Enquirer: 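Can you keep this structure in mind? I'll have questions shortly.
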There are 2 protein chains.
Amino acid sequence: MGRWQPNARGRLAEAALELYGERGYEQTTVAEIAKRAGLTERTFFRHYADKREVLFSGAVDLEGLFARAVAEAPESAAPLDAVACGFGPVSEMFADRRDFARRRQAVIMAHDNLRERELIKLAALSGAIAEALRIRRVGEPAASLAAEAGVAVFKVGFERWIAESERRGMAEILRESLAELRSVAASG
Amino acid sequence: MGRWQPNARGRLAEAALELYGERGYEQTTVAEIAKRAGLTERTFFRHYADKREVLFSGAVDLEGLFARAVAEAPESAAPLDAVACGFGPVSEMFADRRDFARRRQAVIMAHDNLRERELIKLAALSGAIAEALRIRRVGEPAASLAAEAGVAVFKVGFERWIAESERRGMAEILRESLAELRSVAASG
DNA sequence: AGGGTCGATGACAGTAACTGACATCGATGT
DNA sequence: ACATCGATGTCAGTTACTGTCATCGACCCT
């Protein structure tokens with residue numbers, strides 16, 4: 001038995017999500033989050049760089065999963081098809097966490113400071129995908145554009161998946177959104 | 001003659017850009033910015049909501065100009081073509097400010113806090129464009145996807161325009177980038 | 001001319017995010 | 001038994017940001 005309760009990081013993240021949901025992001029102090037997790041404010045900042053980051057510890061996993069899938073796409077796949085290869089694994093990652101994702105998304109969308117952090121995480125995701133494409137010998141600006149387009153599809157699809165009442169799979173919605181993007185981008 | 005020097009807002013913005021460039025964003029205090037502008041810290045916060053916003057006062061103009069151009073595009077224009085109608089006016093807006101834009105962009109890219117603010121401004125731009133498309137009876141998710149794609153083209157093209165040594169016009173670069181996006185999105 | 005209102009600014013105190021330095025103390029290894 | 005280590009606590013300090021009240025030239029009204 002350790003000297004401290006286990007999983008301090010997770011307790012902090014859960015406490016933060018609860019409090020941001022109950023009182024709102026601005027009305028919650030870091031000291032309150034730490035107290036609910038049974039820790040001190042100083043310890044919060046040892047686990048998370050700032051008050052926003054506590055909601056985004058999953059971002060590196062998402063980025064790694066997505067980028068690896070793009071890197072391992074069939075050699076013959078066109079850039080945007082390679083990006084679409086990331087949709088499958090990512091959909092699985094979220095499959096059994098829809099309620100959590102919905103709760104978290106509602107909190108994030110409620111405050112611009114959190115939206116900003118979400119956007120820079122998506123930008124980092126886009127950068128990692130673009131890098132994976134460049135390794136596949138996709139040139140610029142095609143790599144960046146395919147990555148940005150793919151992330152746009154993911155963003156739009158993710159929000160639809162969260163908003164929908166029917167329990168359609170995320171993968172299906174992402175396929176639809178991708179088709180819609182292709183249709184929109186097709187020259188008239 | 002007024003009781004105070006004119007254009008306090010502009011003086012604050014110029015002082016901030018200078019100081020962020022000289023010492024970096026984090027090493028600059030709001031009190032220093034205000035002092036260089038001949039004002040006090042409290043007055044800074046009357047003109048700008050926070051330390052980041054001082055670099056983004058032009059964002060509303062950009063958004064208005066872009067969205068209006070999309071709204072006024074020929075009725076026959078397809079969604080992405082309507083978005084592309086915004087590229088012309090926006091290119092003109094930046095035409096004679098390349099050095100300023102480059103200086104500002106270098107400062108923004110140097111610190112994540114400023115990148116985050118830039119990203120949420122671009123997200124607002126995308127939202128405004130999507131709204132203009134919806135008024136043109138473009139459905140969802142086509143409107144959001146066309147807007148996101150258009151902003152991705154603008155983002156990529158803008159960075160190229162700033163990075164290039166040759167003095168090509170931004171409009172030309174944006175046309176190229178749009179063609180590249182279309183090529184990337186075309187089904188294999 | 002005199003008086004009243006207005007609007008941009010200054011002065012000052014207060015909250016909360018974040019940081020650095022040092023102390024604590026159970027676990028772990030030798 | 002003893003030294004070391006690592007996660008945490010404690011405390012003081014800086015700075016972003018806010019609320020409140022005072023100041024004082026410009027402007028208006030009579």
Side-chain angles (χ1 to χ4, degrees), chain A residues 1-57 107-108 110-118 120-121, chain B residues 1-57 107-108 110-118 120-121:
Chain A
M1 182 75 82
R3 181 178 173 190
W4 300 280
Q5 293 303 107
N7 195 22
R9 262 183 82 88
R11 271 153 47 216
L12 286 166
E14 176 57 24
L17 182 58
E18 286 174 14
L19 285 166
Y20 292 171
E22 292 168 14
R23 314 186 191 170
Y25 169 79
E26 285 220 298
Q27 285 63 46
T28 303
T29 70
V30 173
E32 287 167 345
I33 299 170
K35 185 167 189 180
R36 181 170 294 200
L39 295 164
T40 64
E41 186 181 4
R42 190 65 184 85
T43 297
F44 176 97
F45 287 110
R46 289 205 178 89
H47 285 280
Y48 296 103
D50 58 49
K51 194 184 168 185
R52 305 157 210 86
E53 195 68 16
V54 65
L55 292 188
F56 296 90
S57 55
V107 167
I108 290 172
H111 201 289
D112 275 354
N113 277 9
L114 294 170
R115 284 192 60 216
E116 287 182 340
R117 184 56 51 88
E118 165 96 344
I120 207 171
K121 295 298 183 186
Chain B
M1 181 78 81
R3 180 179 174 191
W4 301 279
Q5 293 302 109
N7 194 22
R9 263 183 82 88
R11 272 153 46 215
L12 286 167
E14 176 58 24
L17 183 58
E18 286 174 14
L19 285 166
Y20 292 171
E22 293 168 13
R23 315 186 189 170
Y25 169 79
E26 285 219 298
Q27 284 64 47
T28 304
T29 71
V30 174
E32 288 167 346
I33 298 169
K35 186 168 188 180
R36 180 169 297 201
L39 295 165
T40 64
E41 186 181 4
R42 189 65 184 88
T43 296
F44 176 96
F45 287 109
R46 288 204 179 89
H47 285 281
Y48 296 103
D50 58 48
K51 194 185 167 185
R52 311 162 220 24
E53 194 68 16
V54 65
L55 292 189
F56 296 89
S57 55
V107 167
I108 289 171
H111 201 288
D112 275 354
N113 277 9
L114 294 170
R115 285 191 61 216
E116 287 183 339
R117 184 56 50 88
E118 165 96 343
I120 207 171
K121 296 298 183 186

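Both backbone and side-chain heavy atoms feed into the values below; hydrogens, waters and symmetry mates do not. Lettering follows sequence order; numbering is per chain, from 1. Source: prediction; values computed, not measured.
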Enquirer: Return the nearest nucleotide to the side chain of B:Thr43; candidates are C:dA17, D:dT8, C:dT9.
Expert: C:dT9
Enquirer: Between atom NZ in A:Lys51 and atom C1' in D:dA16, what is the gap in whole Å?
Expert: 13 Å
Enquirer: On DNA chain C, nearest-nucleotide positions of A:Thr28 versus A:Arg46: which is more 5'?
Expert: A:Thr28
Enquirer: Quick one: are B:Leu39 and B:Trp4 in side-chain contact, heavy atoms under 4.5 Å?
Expert: no
Enquirer: Between B:Phe45 and A:Arg11, which is nearer to the 5' end of DNA chain D once each is assigned its nearest nucleotide?
Expert: A:Arg11
Enquirer: Once you apply a heavy-atom cut-off of 4.0 Å, does A:Ala8 come out as touching a base, just sugar-phosphate, or nothing?
Expert: sugar-phosphate
Enquirer: Using 4.0 Å as the upper bound for N to carboxylate O, is an ion pair formed by A:Arg52 and B:Glu116?
Expert: no
Enquirer: Provide, to the nearest angstrom, the distance between the CD atom belonging to A:Glu32 and the P atom belonging to C:dA17.
Expert: 9 Å
Enquirer: From CD of A:Gln27 over to P of C:dA16, roughly how many Å is that when rounded to an integer?
Expert: 11 Å
Enquirer: Is the backbone of A:Ala37 close enough, under 3.5 Å, to the side chain of A:Arg11 for a donor and an acceptor to pair up by distance?
Expert: yes
Enquirer: Please determine, for the side chain of A:Arg3, which listed nucleotide (D:dT23, C:dG26, C:dA17) has the closest atom?
Expert: C:dG26
Enquirer: Round to a whole Å and report the spacing from CZ of A:Arg42 to P of C:dA16.
Expert: 19 Å
Enquirer: Tell me whether the OP1 or OP2 atom of C:dT9 has a side-chain N or O from B:Thr40 closer than 4.0 Å.
Expert: no
Enquirer: From CG of B:Asn7 over to P of C:dT9, roughly how many Å is that when rounded to an integer?
Expert: 10 Å
Enquirer: Is B:Glu53 salt-bridged to B:Lys121, going by a charged N under 4.0 Å from an acidic O?
Expert: yes
Enquirer: Report the distance from atom OH of B:Tyr25 to atom P of D:dA16, rounded to the nearest whole Å.
Expert: 8 Å
Enquirer: In this structure, how many angstroms lie between the P atom of C:dA8 and the CD atom of B:Glu41, rounded?
Expert: 20 Å
Enquirer: Looking at the side chain of A:Thr29, which of D:dC17, D:dA7, C:dA16 is the nearest nucleotide?
Expert: C:dA16
Enquirer: So B:Arg52, base contact, sugar-phosphate only, or nothing? Heavy-atom distance under 4.0 Å.
Expert: sugar-phosphate
Enquirer: Quick one: which of C:dG7, C:dC18, D:dG6 gets closest to the side chain of A:Trp4?
Expert: D:dG6
Enquirer: Just N and O in the side chain of A:His47: are any of them under 4.0 Å from OP1 or OP2 of D:dT8?
Expert: yes
Enquirer: Report the C-alpha distance between A:Tyr20 and A:Ile33 in whole Å, list the side-chain angles of each, state the deciding distance to 0.1 Å, and finish with yes or no for side chain to side chain contact (heavy atoms under 4.5 Å, CB included).
Expert: CA-CA 9 Å; A:Tyr20 292 171; A:Ile33 299 170; 3.5 Å; yes
Enquirer: Rounding to an integer number of Å, can you tell me how far B:Phe44 CZ sits from C:dA8 C1'?
Expert: 17 Å
